[in-house]
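The chains referred to below are lettered A, B, ... by the order of the sequence lines, with proteins before strands, and numbering in each begins at 1.
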Amino acid sequence: MFSIRYVRENAQKIKEGIRKKKVEIDIDLLLQKDERRRKLITEIDNLRHEQKDAGRIIGEKKQQGEDAEELINQMQEIKRRLKASEEELKKLEGEINETLKWIPNPPHPSVPVEESVIKEWGEVKEFPFEPKDHLTLCNAHGILDFPAGARIAGSNFPLYRGKGAKLERALINFMLDLHIKKHGYTEIFPPFLANEKCMFGTGQLPKLKEDMYLIEQDGLYLNPTAEVPLTNMYRESVIDEKDLPIKFTAYTACFRREAGSYGKETKGLMRVHQFNKVELVKFSHPENSYNELESLLQDAEEVLQLLGLPYRVVLLPYDDLSFASAKTYDIEVWAPGLGRWLEVSSVSNFEDFQARRANIRFRSGNRTEFVHTLNGSGVATPRTFIGIIENYQQEDGSIIIPEVLRKYTGFDRIP
RNA sequence: GGAGGGUUAGCCUAAUUGGUAAGGCGGCGGAUUUGAAAUCCGCUGGGUCAUAGGGCCCUUGGGGGUUCGAGUCCCUCACCCUCCGCCA
């Protein structure tokens, strides 16, 4: 969240940002309120000054045993005026604050108007037969059981069975090991629930409230992405400058209500309420954050390269960016059975937007400054699972396991 | 679920019956020095007004109350720690 002062001093940038992200917020009205707010502060400061002076005199008189009644009575009037002004100020600040919460992070200048595919990797191969979609294949092998999932939790809660469960677990372990051993991330296993402050800090709240599962009894939300716990590890803290960049990776289950999104997109593992994801999070010095974004993208891409899955990288246009992101790349895997590209990773630089909301700073000399936070999926499993099933299917319906996963699965094909 | 303890600035730590936040460390600047260490001096968060020197106000986890005046007293909420109970 931007401070009102920042908005005042960067009004044009903020206005352009909300225009690009197609949000409707009246910044001019906000600035008018700010002006009134500052007048009130001056007024209140002056009254308090009077009050403090008088308090000092009363204290002295009382200590010397003198009568201070008259002055004390005069102070009653000051007190009344203070209270009135303070109430108006409080109301005004409440309104200002409420508006500030909804101001999105402006896109980085390099973010385009139109979506652009900046890279394609691997070969979209032609099958000598009609490729089947993953749901058909998985049902045939009994490795996915949606009806059982529905009995337990409802529709679109996947249940993996047998080799399907093993393949899922293998994917997670393979990705974690890659990021830990080769890319130098520190492994974290965080809580899967997080409080409201965390959700506000990373920007899920207030905008995405309806998309999250809330446990009302405890005021806790189910983790929608490991970005939340990982980034909030340093909420309200100060990091040593020499420790930057900090790189964390974690596996978590992710829970999303996906309110109102039932429809064509929900076939099989396409869009589910609970899924697994290995996440990458970085805390960066502001000067380096765009270099860190590029290397984060490479770290995520390498997962797909090693799995031998054809993918492309898309630079999102500015009206597709999330509330908190300044720049985002999506990585999309080719699914021959479904005949389309599937988003498996979203890699973003939030600059200091989340750091402001969560108050995450680093110490530089005798002052503190907000860090830049970044994250990327490294990667989400369901659509990667789809990619493997559909790309590695054979004419007889069996599925070859990619080489790099075999030491984790212990088998090289399904069935 | 029960009982108790705690939260003060980047960090650590004080503050007789309520009297207007004291120190230390770290850091920054300066003096001294061939250089460094040591030593000494100054500064240290936020807001607001002002062209400026600077003024004023706020800041003891959040919110509210009592009072001329609250770190201190009262209420409430959050989080942390310890113990008891329950429990995979």
Side-chain angles (χ1 to χ4, degrees), chain A residues 1-10 30-98 100-101 189-201 205 214-221 228-229 232-244 246 283 285-286 352 355-371:
Chain A
M1 173 168 124
F2 297 106
S3 67
I4 182 64
R5 183 178 180 177
Y6 184 90
V7 174
R8 194 193 316 142
E9 289 170 357
N10 299 277
L30 183 65
L31 293 177
Q32 279 170 29
K33 287 180 178 177
D34 175 47
E35 217 165 294
R36 173 65 187 152
R37 171 186 150 267
R38 283 182 291 157
K39 279 204 181 102
L40 276 171
I41 287 173
T42 305
E43 205 175 298
I44 289 168
D45 279 0
N46 290 337
L47 286 171
R48 282 194 183 137
H49 182 47
E50 258 185 82
Q51 191 181 49
K52 286 185 79 165
D53 271 353
R56 218 169 279 127
I57 293 168
I58 290 167
E60 283 168 17
K61 282 194 172 181
K62 286 211 165 177
Q63 279 182 344
Q64 290 166 14
E66 291 176 30
D67 178 47
E69 274 308 304
E70 196 182 333
L71 196 50
I72 289 176
N73 289 336
Q74 282 174 25
M75 284 305 100
Q76 297 293 349
E77 172 59 19
I78 298 282
K79 204 175 170 181
R80 265 194 298 278
R81 285 166 58 193
L82 251 180
K83 195 170 181 186
S85 294
E86 277 172 347
E87 270 168 17
E88 188 187 345
L89 179 65
K90 195 178 163 189
K91 181 169 172 285
L92 202 53
E93 284 182 331
E95 289 172 17
I96 288 171
N97 220 25
E98 189 52 38
L100 290 174
K101 282 181 194 169
F189 205 134
F192 283 12
L193 304 187
N195 61 33
E196 191 162 329
K197 280 184 181 176
C198 293
M199 293 302 169
F200 180 80
L205 288 178
L214 168 63
I215 299 173
E216 269 182 60
Q217 194 172 0
D218 301 286
L220 294 170
Y221 291 86
V228 174
N232 278 285
M233 281 172 66
Y234 285 105
R235 182 164 51 84
E236 281 154 40
S237 3
V238 180
I239 300 168
D240 255 327
E241 189 172 16
K242 64 172 164 40
D243 292 338
L244 297 176
I246 293 173
F283 300 84
H285 196 287
D352 65 4
R356 285 174 183 276
R357 291 168 83 92
N359 196 18
I360 306 169
R361 294 164 292 166
F362 68 96
R363 184 170 33 252
S364 175
N366 64 339
R367 58 181 57 214
T368 59
E369 200 179 321
F370 292 116
V371 298

**Complete:** Intra- and inter-strand pairing of RNA chain B, written as dot-bracket with Watson-Crick and G-U pairs under 3.5 Å and | for the latter, reads (((((((..(((......[...)))((((((.......))))))(((((....)))))..(((((..]....))))))))))))....
List every contact pair, protein side and nucleotides 49-55 of chain B side both N or O, where the distance is under 3.5 Å.
{"unit_1": "B/rC49", "atom_1": "OP1", "unit_2": "A/R38", "atom_2": "NH1", "d": "3.4"}

Heteroatom pairs (N/O) under 3.5 angstrom, protein to nucleotides 77-81 of chain B:
none

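Dashed line: the shortest gap from a side-chain N or O of A/R37 to OP1 or OP2 of B/rG47 is not under 4.0 Å.
Side-chain atoms of A/N97 do not come within 3.5 Å of backbone N or O of A/E93 as any donor-acceptor pair.
The side chain of A/R361 has B/rG10 as its nearest neighbour among B/rG64, B/rU48, B/rG10.
Whole-Å rounding puts the A/N359 CG to B/rG10 C1' distance at 12 Å. Taking atom CD of residue A/E43 and atom P of nucleotide B/rC58, one finds them 15 Å apart after rounding to whole Å. Computed from coordinates, the A/I360 CD1 to B/rG10 P distance equals 16 Å when rounded to whole Å. Counting to the nearest Å, the P atom of B/rU48 and the CG atom of A/L92 are 13 Å from each other.
With salt bridges taken as basic N to acidic carboxylate O contacts below 4.0 Å, one links A/K91 and A/E95.
The minimum heavy-atom distance linking A/C198 with A/V228 is given by the pair CB-CG1, 4.0 Å.
Rounding to the nearest 0.5 angstrom, the gap separating the CD atom in A/E9 from the CD1 atom in A/I4 is 10.5 Å.
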